[in-house]
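Here the structure comes first, spelled out in structure tokens, and everything after it is commentary.
A, B, ... follow the sequence lines: proteins, then strands. Residue 1 opens every chain. Just so it is clear, the structure is predicted and the values come from calculations on it, not from any experiment.
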Amino acid sequence: MLNVGSHCAIGGLNIDFLINIVLLGFLVCTALAIVFTKNLLASAMLTGIYSLLTAGFFVVMDAVDVAFTEASVGAGIATILMLSTLKLTGFDEDPARHNVKAGLLAVCGVGVLLLYGIVDMPVFGSPTAPVHMHVAPHYIYQSMAEIGMPNIVTSVLASYRGYDTFGETVVVFTAGIGVLALLGASNHVPQSRVAPMSQHIILRVVSKVLIPPIFLFALYVQFHGDYGPGGGFQAGVIFAAAIILYSMIFGLDTARSVISQPLIRLLSAFGVMLYGCVGIVSLLNGHNFLDYSALAHDPLHGQHYGILLVELGVGITVASVMILIFFNFASRVDMVQEEQ
Amino acid sequence: MAYLAQYNYWVVVVLMMIGLYVVVSHGNLVKKLMGLSIFQTSVFILYISMGKVDGGTAPILEEGISVYSNPLPHVLILTAIVVGVATMALGLALVVRIKEAYGSIEEGDIQEKDKQSC
């Protein structure tokens, strides 16, 4: 194994580990800044920075797929949702704290116990740690023969642990329904107003140039997930990010006229259905639920079809749920502003 | 380097406790959710740190490479991140409704209003 970067050692520490130390240090500082900042707007922006640092850390830890997800979810969508909530609930925090002493005591107690527990953890990066002994070697050495895809994370996500991913897609869908139930503006007819951001010519022009490549990139991430980092979860979030950008710049009403709401609701259910149907088809072909080998004569081809369809289902559900959530938050903001 | 061998896990504990402290002692509900997301990220860091193998690369198979980091924690955390943002959106939606019902998102005010209405 020749990884050029990791062999530059400074005083016994290799450079990857130094980057790791620095990134985690920044992460702790950012977390403390989030705690001590009184202005919630600033805190929300700091959570964006916090997510980006986490994504950088994941890259150093070789978790490129995870980094991808964290960068698009944490630094993008989560921050936007927080900001739209703050727009509705106010930007200032009450400085009064309760249970400070009891809280600190509890936190320190739990912290000491956890640190005590950590002493027994295997050394960081050790290849003989128990976590690498169980199923991981099977995934690493057999997945090429069994699934036939270079990206092991995709093989595990969509095929070996397809049940988990199905469950998680259902959770995302359920959360979407929950937000719809809580914030769904039933008969709200939006007044046509000029979107506040559309007056900024730079934002308008830059976003017009950026949005098509973002869509294209989302599709690339969706369909290239078998060979490189990516897959349905990341692609769905990136796709939603492009539409969110569009509606932020050109106004919610314009975005609504482009993207029909009932269609988005239908699509969020359709993705889950597609995933489930792939499982049922493999059942009907005499194999186990979500055993894609049943989908074609050649088991490897079957795996490829299965993973393609399942990832498509995940991508459709994630994208439409994220768009749905954003639209519901944003239309709530519009509604409150009209009332005032 | 031996004394830094558990560095990542110390950071996990510190972040987790920062998150827990925010959830316990801050009254603002949005701030509580921020604390919860710090707490959540610390768990992500714990998993991903455990998956790292010295000298390994990203788990994407390629000719000439034999050491890969463990892909299993990556899969678990990847989906957890997306589920995390979906559930956080649900939490934020609840906060918005609480604001509409109580006129405040400070825990103290909400409890006072609850006592008055009893």
Show your working on side-chain contact (heavy atoms from CB on, under 4.5 Å) between B:K99 and A:T85 and close with a plain yes or no.
-> CA-CA 10 Å; B:K99 168 77 178 179; A:T85 309; over 6 Å; no
Test applied, side chain to side chain contact (heavy atoms under 4.5 Å, CB included); reference residue, B:H74; option that passes from A:V66, A:V64, A:I152 | A:V66
Interchain contact, A:Y141 with chain B, by part (heavy-atom threshold 4.5 Å) = side chain
Report yes if some heavy atom in the side chain of A:L27 is under 4.5 Å from a heavy atom in the side chain of B:I45; otherwise report no.
-> yes
Portion of A:T54 that has a non-hydrogen atom of chain B nearer than 4.5 angstrom | side chain
Whether B:Y21 side chain and A:V107 backbone form a donor-acceptor pair below 3.5 Å | no
Let me know if A:A102 has heavy atoms under 4.5 Å from chain B in its side chain, its backbone, both or neither.
-> neither
Non-hydrogen atoms of A:L182 and B:L90 that approach each other most closely = CD1-O, 4.0 Å
Could you tell me whether the side chain of B:I81 reaches within less than 4.5 Å of the side chain of A:F58, counting heavy atoms only?
-> yes
Tell me, do B:K52 and A:V60 make a side-chain contact under 4.5 Å, heavy atoms counted?
-> no
Heavy-atom distances under 4.5 Å only: say whether A:I325 touches chain B with side chain, backbone, both or neither.
-> side chain
Tell me, side chain or backbone of A:A63 under 4.5 Å from chain B's heavy atoms, or both, or neither?
-> both
Check for a donor-acceptor pair, side chain of B:K31 on one end and backbone N or O of A:I34 on the other, with a separation under 3.5 Å.
-> yes
Taking a cut-off of under 4.5 angstrom between non-hydrogen atoms, the residues of residues 67-74 of chain A near chain B are A:T69, A:E70, A:V73
Drop me the distance from A:L24's CG to B:W10's CH2, to the nearest 0.5 angstrom.
-> 12.0 Å
B:S49 side chain near A:F57 side chain, heavy-atom distance below 4.5 Å = yes
Given that the side chain runs from C-beta out, which part of A:D226 has a heavy atom under 4.5 Å from chain B: side chain, backbone, both or neither?
-> neither
Verdict with reasoning, A:H132 to B:M50, per side-chain contact (heavy atoms from CB on, under 4.5 Å) = CA-CA 9 Å; A:H132 306 306; B:M50 286 199 295; over 6 Å; no
Measure the shortest side-chain to side-chain distance between B:E107 and A:D94 over non-hydrogen atoms and say whether it is less than 4.5 angstrom.
-> no
Would B:Y9 and A:L115 count as a side-chain contact (heavy atoms from CB on, under 4.5 Å) if you check the C-alpha gap in whole Å, the side-chain angles of each, and the deciding distance to 0.1 Å?
-> CA-CA 8 Å; B:Y9 305 132; A:L115 283 174; over 6 Å; no
Please look at A:V172 and chain B and tell me whether the side chain, the backbone, both or neither of the residue comes under 4.5 angstrom of a heavy atom of that chain.
-> both
Are any non-hydrogen side-chain atoms of A:P229 and B:I60 less than 4.5 angstrom apart?
-> yes
In this structure, CD of A:E93 is separated from CD1 of B:I105 (nearest 0.5 Å) by 9.0 Å
